Amino acid sequence: MRDAGIQVISWTEKRDLTQQELIEQCKPCNALLSAGNNAIDRVFLNECRHLKVIALLSVGFDGVDISEATRLRIPIGNTPGVVSGATADTAFLLMLAVSRKAFYMHKKIGNGHWGFSEPTADLGIELEGRTLGIWGLGKIGFEMARRCVRTYAMKVIYCNRNNHLEAELELNAVKVSFDELLRQSDVLSVHTVLSNETRGTFDRNAFAKMKPSSIFINAARGAIHNEKELIEALQTGTIWGAGLDVTYPEPMHVDNPLLDMPTVAVLPHIGTATVESRNAMSTMAAENIIAGLSGKRLQHMVNPEVYGDTAN
């Protein structure tokens with residue numbers, strides 16, 4: 001951005017800004033590159049309607065009031081595509097960690113409980129030939145499914161609005177209803193966006209329809225599952241295990257019972273946290289800023305309607 005002649009002002013404190021701080025920081029600026037948990041809502045957007053572009057260092061945009069940004073003709077950029085592999089790796093890692101109680105067993109070593117070996121204690125489950133269910137089979141979900149098929153010859157079912165022809169041809173994936181996804185999946189992995197429609201979808205009723213031996217994985221957004229009812233489902237044996245890269249709220253409270261459950265693995269939202277992904281995301285976000293300040297169309301954006309069309 002500096003090479004493009006842009007003066008860059010950075011927030012360097014190791015904490016999230018308050019909304020008022022963010023507004024004050026943006027008052028003298030023409031663009032915002034948002035790399036944190038900033039609420040870019042109606043209040044912020046109207047206070048900072050002079051911004052020519054907002055670039056997110058993320059694929060997800062649930063923290064942005066997109067309709068208001070569009071009304072104010074502010075283009076919102078994001079970073080799709082470059083995070084698919086890293087995020088799928090995280091979901092795969094969580095699935096494997098849960099299946100072998102890896103986080104729990106590691107904690108036992110640190111607590112000095114690596115003692116007498118009981119042949120039937122703390123057993124995990126194997127994944128070979130199991131059924132993987134994907135809710136939201138986009139780029140990340142496809143990469144997760146591909147890893148599971150290639151590594152464990154897992155069968156793939158998915159629930160989408162539309163058919164995913166590439167997954168059906170390459171992975172023999174089968175499109176099913178949401179109820180069928182719940183009932184048939186041995187591992188159910190969530191890869192959809194957070195919206196009013198998806199918020200709280202995985203609740204007591206959904207978990208009740210899943211297999212008692214099933215594993216729930218969420219590497220999308222924490223608010224897609226009801227955390228209290230997930231804890232209940234695990235404690236009662238309604239489902240077997242859970243792997244979470246996302247929680248609600250974030251950060252998770254240190255006394256959360258999920259952190260002490262044998263068949264649970266929780267990570268602090270590190271899905272895209274690789275050198276390669278973050279470099280690619282940063283480059284894409286910077287290119288969006290440069291384009292927006294140059295009066296050019298953003299290559300990767302959420303609301304193409306600001307340009308008077310719907311093509312992205």
Side-chain angles (χ1 to χ4, degrees), residues 37 56 58-67 76 78-95 131-148 154 156-168 171 173-207 209-210 214-227 229-230 233 239 242-250 266-267 269-272 277 300-303 312:
N37 299 318
L56 308 176
S58 66
V59 179
F61 47 87
D62 47 279
V64 182
D65 188 330
I66 298 299
S67 62
I76 306 294
N78 66 339
T79 60
V82 296
V83 305
S84 302
T87 307
D89 282 343
T90 302
F92 189 89
L93 165 66
L94 287 167
M95 176 185 72
T131 296
L132 171 71
I134 300 283
W135 197 52
L137 185 56
K139 293 178 180 179
I140 297 171
F142 179 77
E143 290 299 328
M144 172 62 168
R146 178 184 272 165
R147 284 156 172 72
C148 291
M154 296 177 77
V156 178
I157 59 176
Y158 71 99
C159 181
N160 273 22
R161 284 195 181 92
N162 302 311
N163 286 73
H164 195 299
L165 297 181
E166 186 179 4
E168 292 176 6
L171 307 175
V174 176
K175 186 173 181 286
V176 298
S177 69
F178 185 61
D179 270 7
E180 290 172 318
L181 188 82
L182 295 172
R183 297 184 192 282
Q184 295 180 30
S185 298
D186 294 305
V187 178
L188 200 162
S189 196
V190 175
H191 299 284
T192 192
V193 298
L194 176 63
S195 66
N196 290 334
E197 183 182 355
T198 63
R199 185 180 299 272
T201 295
F202 288 88
D203 57 10
R204 183 179 294 109
N205 292 330
F207 295 128
K209 295 177 182 178
M210 293 173 65
S214 64
I215 295 172
F216 174 75
I217 303 293
N218 189 355
R221 288 291 186 267
I224 293 172
H225 67 262
N226 183 308
E227 193 164 286
E229 293 177 10
L230 172 61
I239 64 173
L244 308 174
D245 186 44
V246 290
T247 63
Y248 187 73
E250 291 183 2
V266 182
L267 292 172
H269 205 152
I270 63 166
T272 65
S277 282
H300 307 282
M301 63 182 308
V302 180
N303 58 340
N312 193 348

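Only a predicted model underlies this, so the values are computations on that prediction, with no experimental measurement involved. Start at 1 with the first residue, then count along the sequence.
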Distance-only side-chain donor-acceptor flag, E250 / N37, under 3.5 Å
no
Strictly distance-based, threshold 3.5 Å: is any side-chain N or O of D203 a donor or acceptor partner for the main-chain N or O of N226?
no
May I ask you to test the T272-T79 pair for a side-chain heavy-atom distance under 4.5 Å?
no
Less than 4.5 Å apart, any side-chain heavy atom of D245 and any of I270?
yes
Taking only residues two or more places apart in sequence or in another chain, which ones pass salt bridge (Lys or Arg N to Asp or Glu O under 4.0 Å) with R204?
E229, E232
Within the 4.5 Å heavy-atom criterion, are E180 and I157 side-chain neighbours or not?
no
Does some side-chain heavy atom of I76 sit less than 4.5 Å from a side-chain heavy atom of L56?
yes
Could you measure the distance from the NE2 atom of H300 to the CG atom of N78? Nearest 0.5 Å is fine.
8.5 Å
Value rounded to 0.5 Å, distance of OG in S185 from OH in Y158:
13.5 Å
Would you say CG of D179 has more than 12 non-hydrogen atoms from neighbouring residues, nucleotides or ligands within 6.0 angstrom?
yes
Could you tell me if the side chain of R161 sits less than 4.5 Å from the side chain of K175, heavy atoms only?
no
Roughly how far, to the nearest 0.5 Å, is the CG atom of D89 from the CD1 atom of I140?
11.0 Å
N163 side chain vs L165 backbone, donor-acceptor pair below 3.5 Å:
no
Can L244 and H225 be said to form a side chain to side chain contact (heavy atoms under 4.5 Å, CB included), step by step?
CA-CA 10 Å; L244 308 174; H225 67 262; 3.7 Å; yes
Check step by step if side chain to side chain contact (heavy atoms under 4.5 Å, CB included) holds for L93 and L267.
CA-CA 10 Å; L93 165 66; L267 292 172; 3.9 Å; yes
Roughly how far apart are L182 CG and F202 CZ, rounded to 0.5 Å?
6.0 Å
Answer whether the closest heavy-atom distance between the side chains of M144 and I134 falls below 4.5 Å.
yes
Among T201, I217, N160, exactly one meets side chain to side chain contact (heavy atoms under 4.5 Å, CB included) together with W135. Which residue is that?
T201
Side chains of H191 and L137: does their closest heavy-atom pair fall under 4.5 Å?
no
With respect to D186, which candidate in I215, L132, T131 satisfies the side chain to side chain contact (heavy atoms under 4.5 Å, CB included) definition?
T131
Trace of the salt bridge (Lys or Arg N to Asp or Glu O under 4.0 Å) decision for R146 with E143
CA-CA 5 Å; R146 178 184 272 165; E143 290 299 328; 3.1 Å; yes
Quick check: closest heavy atoms across R221 and G60, and the distance to 0.1 Å?
NH2-CA, 3.3 Å
Pairwise side-chain contact, I224 with T192, heavy-atom cut-off 4.5 Å (strictly under)
yes
Assign the ring pair F142 / H164 to parallel, tilted or perpendicular, where the plane angle (0 to 90°) is split at 30° and 60°.
parallel
Locate the shortest heavy-atom distance separating A145 from L171; write the atom from each residue and the value.
CB-CD1, 3.7 Å
Give, for atom CG of L188 and atom CD1 of I239, the distance between the pair rounded to the nearest 0.5 Å.
9.5 Å
As an exercise, state the distance from OH of Y248 to CG of L194, rounded to the nearest 0.5 Å.
8.5 Å
